[in-house]
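Taking it in order: structure first as structure tokens, then the write-up.
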Amino acid sequence: GTLKGDWKELLSKGFQECFRVLKSEGILVFKWNETDIPISQILQLTEEKPLFGNRCGKTAKTHWVVFLKS
């Protein structure tokens with residue numbers, strides 16, 4: 001897909017909703033391909049800090065990031 005309009009606001013609200021509905025100690029696994037937008041810019045859209053992440057794929061542009069709701 002493609003990101004259109006105010007995609008930063010949309011992703012920020014998406015993160016907020018994910019963490020709102022997660023139970024305490026719930027886990028969110030987030031996948032991002034940074035072909036156009038680096039993962040660092042995406043992680044700035046949430047105040048939550050990931051536990052860890054993994055880079056994979058032929059060009060190592062796909063990131064799997066794991067969050068734990070405290």
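All values below come from the heavy atoms of this structure, side chains included, with hydrogens, waters and symmetry mates left out.
Between Ile37 and Leu3, the closest side-chain pair of non-hydrogen atoms falls below 4.5 Å. When side chains are defined from C-beta on, Leu28 counts as touching Leu22, because their heavy atoms get closer than 4.5 Å. Thr2 has its side chain out of reach of Trp7: every pair of non-hydrogen atoms, C-beta onward, lies at least 4.5 Å apart.
Legend: salt bridge (charged side-chain N to carboxylate O under 4.0 Å, His left out) pairs involving residues 33-43, not counting sequence neighbours, sorted by first then second residue: Glu34-Arg55. Within the structure, every pair that satisfies the ring-ring contact (aromatic ring centres under 6.0 Å, His included) test and touches residues 26-47, not counting sequence neighbours, is listed here: Phe15-Phe30. A salt bridge (charged side-chain N to carboxylate O under 4.0 Å, His left out) check over residues 22-32, counting only residues at least two apart or in different chains, returns nothing.
Checked against side chain to side chain donor-acceptor pair (under 3.5 Å), Thr62 has the following partners two or more places apart in sequence or in another chain: Asn33. Residues passing the salt bridge (Lys or Arg N to Asp or Glu O under 4.0 Å) test with Lys13, sequence neighbours excluded: Glu9.
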Enumerate, atom names and distances included, each donor-acceptor pair closer than 3.5 Å involving a side-chain atom of residues 42-53, sequence neighbours excluded.
| unit_1 | atom_1 | unit_2 | atom_2 | d |
| --- | --- | --- | --- | --- |
| Thr46 | OG1 | Glu48 | N | 3.2 |

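Taking each heavy atom of Leu10 and Lys4 in turn, the nearest pair found is CD1-O, 4.2 Å.
To the nearest 0.5 Å, atoms OG (Ser40) and NE2 (His63) are separated by 8.5 Å.
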